[in-house]
**Q** 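Okay, here's the structure, questions in a sec.
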Amino acid sequence: AQSVTQLGSHVSVSEGALVLLRCNYSSSVPPYLFWYVQYPNQGLQLLLKYTSAATLVKGINGFEAEFKKSETSFHLTKPSAHMSDAAEYFCAVKPQSTGNQFYFGTGTSLTVIP
Amino acid sequence: EAQVTQNPRYLITVTGKKLTVTCSQNMNHEYMSWYRQDPGLGLRQIYYSMNVEVTDKGDVPEGYKVSRKEKRNFPLILESPSPNQTSLYFCASRRPGANQPQHFGDGTRLSIL
C-alpha cells in the first residue's frame, strides 16, 4: 500500500513569513497528488492537485506546491502567511491504478502567530 | 449548491446499538467514499463505491457496512458499534478519473460509550 509522510504534525510561523509544509510519498510510480485544508468543524477543501501537466502547481489562497520526482515529494508553500491560513493541512495520494483508493498523510496543523 | 450532506452531525450512543450515518450528494458523482479521522492518524478510508451496487473495502473496513442502492446515497452502517469506533467520519464523492478531487461532507462526530 501507499504511504504518505507529512513531516511535522505542528508548524508555527509568524504572520507574513514563508509557509512550508512537507509531504513525501512512497511509490516508485508517481501517483496523483492533492493538498487539502481543513478548518475547525468543517470538512476538507481542495487546495490544489498535481496531475503531471506541470511540476509547479498553483492553488487557491496563494498556495502552491512543487512536484519533485527524484525526491518523491510534493511540498506545499505560501510566500506570506496570513492569520486566516491557520488550519489543518492534509496531503493525499491516489495511485495511478484505476479505482477509488486514496491515502492521506497524518496532517499538519498550521499556527500563524500575529 | 453542490454539496455532500451527512447526518447526523453529532451522535452519542452505546455499545451494540446499531446505527446508520447517511450521506447524500447532489453532484451526480459516480464515486463515493467513507473515511474516519483520528488524531495522529489522519484520514483512513473505510469503504468506497464506484457506482450503484459496486462497493469495495478500504484500509479499515472491519466493523462497518455500506450499501449503494442509489447513485446519490451512500450510508455507513455500524451493526454493533464498539468504543474503538468513536471517531470523526467523513463522506466524500467525486467524478471518475484518477485526477479528480474529492468533495467532502462536514463530518459526523460519533461517540460510542
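Order of the sequence lines sets the chain letters (A, B, ...), proteins ahead of strands, with each chain counted from 1.
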**Q** Is B:Gln37 close to chain A through its backbone or its side chain, or both, or neither, when contacts mean heavy atoms under 4.5 Å?
**A**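 The side chain, not the backbone.
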**Q** Is a side-chain donor or acceptor of A:Ser9 paired with a backbone partner of A:Thr108 at a separation under 3.5 angstrom?
**A**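 Checking the backbone N and O of A:Thr108 against the side chain of A:Ser9, no donor-acceptor pair under 3.5 Å is found.
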**Q** Please classify the contact between A:Phe104 and chain B as side chain, backbone, both or neither, with a heavy-atom cut-off of under 4.5 Å.
**A**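 Contact with chain B involves both backbone and side-chain atoms of A:Phe104.
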**Q** Counting only N and O atoms by type, is there a donor-acceptor contact under 3.5 Å from the side chain of B:Gln85 to the main-chain atoms of B:Gly63?
**A**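 Yes.
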**Q** Of the backbone (N, CA, C, O) and the side chain (C-beta and beyond), which part of A:Gln38 lies under 4.5 Å from a heavy atom of chain B, both, or neither?
**A**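 Answer is side chain: those atoms of A:Gln38 sit under 4.5 Å from chain B.
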**Q** In Å, rounded to the nearest 0.5 Å, how long is the span from CZ of B:Arg36 to CG of B:Asp59?
**A**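 The CG atom of B:Asp59 is 12.0 Å from CZ of B:Arg36, to the nearest 0.5 Å.
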**Q** Does one side chain, of B:Thr22 or B:Asn7, offer a donor that lies under 3.5 Å from an acceptor on the other?
**A**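 Checked: B:Thr22/B:Asn7 side chains show no N/O donor-acceptor pair below 3.5 Å.
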**Q** Select one option (side chain, backbone, both, neither) describing which atoms of A:Phe102 are under 4.5 Å from chain B's heavy atoms.
**A**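 Looking at A:Phe102, backbone and side chain both touch chain B.
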**Q** Does any donor atom in the side chain of A:Ser73 or A:Asn24 lie under 3.5 Å from an acceptor atom in the other side chain?
**A**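 Side-chain D/A pair, A:Ser73 to A:Asn24: absent.
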**Q** Please work out whether the ring planes of A:Tyr50 and A:Phe74 are parallel, tilted or perpendicular, with thresholds of 30° and 60°.
**A**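 Because their plane-to-plane angle lies in the 30° to 60° range, the rings of A:Tyr50 and A:Phe74 count as tilted.
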**Q** Give, as side chain, backbone, both or neither, the part of B:Arg94 having an atom under 4.5 angstrom from any heavy atom of chain A.
**A**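 Side chain of B:Arg94 only, per the 4.5 Å heavy-atom cut-off to chain A.
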**Q** Counting only non-hydrogen atoms closer than 4.5 Å, does A:Leu44 touch chain B with its backbone (N, CA, C, O), its side chain (CB onward), both, or neither?
**A**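 Both parts, backbone and side chain.
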**Q** Answer with side chain, backbone, both or neither: which region of B:Leu41 has an atom nearer than 4.5 Å to a non-hydrogen atom of chain A?
**A**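 Answer is backbone: N, CA, C or O of B:Leu41 sit under 4.5 Å from chain A.
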**Q** At a heavy-atom separation under 4.5 Å, does B:Arg9 approach chain A through its side chain, its backbone, both, or neither?
**A**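 Side chain only.
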